[in-house]
Amino acid sequence: MSTSPQHPAPACPSPFGEAELRGAAEKLWEAVSCGDEYAAYGVVLGARSAGADDESLLLDVIGTVQRKVGEEWAANRMSVAMEHAATAVNDRMIAALAARHAPDPALGRPERVTREDGPGRITVACVDGEWHALPARLLAEVLRLRGWHVDYLGAQVPTPHLIGHVHRTGPDAVALSSSLATRLPAAHAAVTACQAVGVPVLVGGAAFCDDGRYARLLGADAWAPDGRAAADLLARSPLKPPLAGHQPVDDLPHLVDQEYTMVRRDSGRLVKAALAGLEDRFPAMRSYTERQRQHTAEDLGHIVDFLVAALYMDCEQLFTRFLTWTAGILTARGVPAVSLTPALDVLETELKEFPRAGRLINHARQALNGSAVPAARSGSGVLR
């Protein structure tokens with residue numbers, strides 16, 4: 001069940017205030033944007049020595065810089081390689097902070113931590129197919145700082161393996177992260193599977209929308225907009241054990257019409273048909289280079305993937321938000337966003353027997369035709 005957590009004021013305000021944190025974030029950005037790992041160490045560890053607390057460094061400095069990395073990529077001011085290099089430096093900054101809290105090897109670590117020993121044990125993982133692991137990593141380290149026994153499983157964890165881990169370790173809760181809405185069906189499978197073995201699930205990440213609406217639709221036990229809010233929510237009260245007998249179709253009864261299943265199964269053919277049809281409806285494409293055609297095919301694949309996810313959730317806004325976001329991304333790269341409308345026309349023709357798909361496509365087309373192309377920003381799409 002989704003909640004709207006409050007952020008209580010810290011009991012002991014850090015001597016390293018907001019202005020100092022913003023300054024540290026700006027210096028860290030300068031370091032990671034050119035891949036200077038040693039300069040980044042100097043910024044993060046220097047701020048810690050100057051009085052910054054680790055949670056603020058994780059969320060307000062490293063997290064802030066990571067969001068800027070995504071924004072710079074979206075605006076075409078940072079290549080994929082530069083983005084990955086910057087993310088890798090940030091990941092090592094998290095590791096540097098975490099290493100300072102490693103337990104004394106001589107004391108060992110209890111196999112099973114209960115609420116009598118501390119807040120409890122929690123598994124933090126990304127859903128199957130989700131490679132954007134840094135948000136989950138930040139949450140895992142914040143929870144460790146707050147006393148949780150954390151099992152961090154990293155990126156793209158297949159649900160059967162997640163459940164195997166849950167059976168073996170018996171956590172009090174599972175925290176699932178996903179950035180891409182195309183992973184929502186996988187997230188739903190993971191939430192339902194965890195609940196079936198009696199473990200409640202907290203979800204977070206851009207995939208679940210800014211207000212957590214998709215977390216509610218998928219029947220998650222809790223949602224939080226960011227790592228600090230998630231830790232606060234878990235600190236206020238433990239998540240209640242889920243009810244038994246919950247099935248995916250209980251959350252999304254529209255799935256009985258089989259549109260999602262059939263369109264998903266036909267997605268490869270739809271991409272090929274859209275590519276062929278687009279050449280007829282968008283003459284400029286006939287002079288595309290092979291590389292441009294490959295990019296176009298990849299973009300069409302993403303459009304079909306998001307259409308499939310929108311069918312799963314039966315949500316017009318999910319598909320429309322992706323199309324308008326894509327228009328901004330294409331424009332930032334000098335690609336005419338006007339090509340999106342004929343691509344939707346081809347898909348509508350191919351899917352004329354599917355009324356829900358037709359409704360989703362029409363909604364997106366009206367949005368593209370009725371508004372200015374938004375500025376490119378990160379957080380709602382895919383990487384090219």
Side-chain angles (χ1 to χ4, degrees), residues 70-84 129 180-182 259-260 262-311 316-384:
E71 292 166 359
E72 292 298 298
W73 169 81
N76 203 27
R77 293 190 288 265
M78 180 174 260
S79 69
V80 171
M82 292 169 66
E83 182 210 10
H84 286 196
L180 297 179
T182 51
E259 277 204 37
Y260 161 75
M262 289 188 280
V263 174
R264 179 176 180 271
R265 188 172 55 201
D266 206 26
S267 58
R269 186 196 65 80
L270 285 172
V271 172
K272 292 178 181 176
L275 191 62
L278 189 58
E279 193 161 319
D280 292 333
R281 295 170 187 250
F282 188 64
M285 187 179 159
R286 295 168 191 163
S287 59
Y288 275 14
T289 65
E290 188 58 35
R291 182 178 176 81
Q292 287 175 311
R293 291 179 64 84
Q294 181 181 347
H295 281 317
T296 301
E298 291 171 355
D299 290 340
L300 290 170
H302 296 318
I303 290 172
V304 171
D305 286 345
F306 273 83
L307 176 61
V308 168
L311 279 171
E316 297 163 345
Q317 285 76 21
L318 190 159
F319 188 54
T320 296
R321 282 166 61 108
F322 173 70
L323 263 296
T324 54
W325 177 85
T326 299
I329 294 294
L330 292 176
T331 301
R333 285 152 177 76
V335 179
V338 68
S339 62
L340 291 172
T341 299
L344 293 179
D345 293 341
V346 176
L347 288 175
E348 184 178 42
T349 300
E350 294 293 325
L351 295 170
K352 60 185 177 184
E353 303 297 328
F354 297 91
R356 284 205 295 120
R359 173 171 55 82
L360 297 173
I361 291 170
N362 269 327
H363 190 274
R365 180 167 46 214
Q366 289 173 14
L368 286 173
N369 294 339
S371 63
V373 174
R377 62 182 183 85
S378 66
S380 52
V382 295
L383 300 179
R384 172 177 284 186

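Sequence positions, counted from 1, serve as the residue numbers for this chain.
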Return all side-chain donor-acceptor pairs below 3.5 angstrom for residues 270-280, not counting sequence neighbours, or 'none' if the list is empty.
unit_1: Glu279; atom_1: OE1; unit_2: Arg293; atom_2: NH1; d: 2.7
unit_1: Glu279; atom_1: OE1; unit_2: Arg293; atom_2: NH2; d: 3.4

Under the salt bridge (Lys or Arg N to Asp or Glu O under 4.0 Å) test, which residues partner [X], sequence neighbours left out?
X      : result
Glu259 : none
Asp305 : none
Arg264 : none

#### Entry: Given Leu330, Ile329, Thr331, the one that forms side chain to side chain contact (heavy atoms under 4.5 Å, CB included) with Arg333
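Single side chain to side chain contact (heavy atoms under 4.5 Å, CB included) partner of Arg333 among Leu330, Ile329, Thr331: Ile329.
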### Test side chain to side chain contact (heavy atoms under 4.5 Å, CB included) applied to Leu340 and Leu368, Thr324, Asp345, the passing residue
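Testing Leu340 for a side chain to side chain contact (heavy atoms under 4.5 Å, CB included) against Leu368, Thr324, Asp345 leaves exactly one candidate, Leu368.
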Of the non-hydrogen atoms in [X] and [Y], which two are nearest, and what is the gap between them?
X      : Y      : answer
Ala357 : Leu311 : N-CD2, 3.7 Å
Phe282 : Val338 : CE1-CG1, 3.8 Å
Val304 : Ser267 : CG1-CB, 3.6 Å
Arg281 : Thr349 : NH2-OG1, 3.7 Å
Ala74  : Ala332 : O-CB, 3.9 Å

Residues two or more places apart in sequence or in another chain: which of them pass side-chain hydrogen bond (donor to acceptor under 3.5 Å, both in side chains) with [X]?
X      : answer
Ser79  : none
Arg77  : Glu72
Ser339 : none

Got [X] and [Y] here, is their nearest side-chain heavy-atom distance under 4.5 Å?
X      : Y      : result
Leu300 : Thr296 : yes
His363 : Leu360 : no
Asp299 : Thr326 : no

### Message
Working to the nearest 0.5 angstrom, can you tell me the gap between Leu318 CG and Leu307 CG?
### Response
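Those atoms lie 10.0 Å apart.
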### Task
Hey, could you give me the CE/NE2 distance between Met78 and His84, rounded to the nearest 0.5 Å?
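So the gap between those two atoms works out to 11.0 Å.
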### Message
Show every salt bridge (charged side-chain N to carboxylate O under 4.0 Å, His left out) that has at least one partner inside residues 354-364, sequence neighbours left out.
### Response
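Sorted pair list: Asp257-Arg356, Asp314-Arg356, Asp314-Arg359, Glu316-Arg359.
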### Query
Does atom CZ of Arg291 have more than 12 heavy-atom neighbours from other groups under 6.0 Å away?
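No - once you tally the heavy atoms of other residues, nucleotides and ligands closer than 6.0 Å, there are 12 at most.
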### Partners passing ring pair (Phe, Tyr, Trp, His ring centres under 6.0 Å) against Phe319 (at least two apart in sequence or in another chain)
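In terms of ring pair (Phe, Tyr, Trp, His ring centres under 6.0 Å), with neighbours along the sequence ignored, Phe319 is linked to no residue.
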### Task
Output all residues satisfying side-chain contact (heavy atoms from CB on, under 4.5 Å) with Gln292, sequence neighbours left out; order by chain, then residue number.
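Counting only residues at least two positions away or on another chain, Gln292 forms a side-chain contact (heavy atoms from CB on, under 4.5 Å) with Tyr288, Thr289.
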### Message
According to side-chain contact (heavy atoms from CB on, under 4.5 Å), who are the partners of Ser287, at least two apart in sequence or on a separate chain?
### Response
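So Ser287 forms no side-chain contact (heavy atoms from CB on, under 4.5 Å) with any residue.
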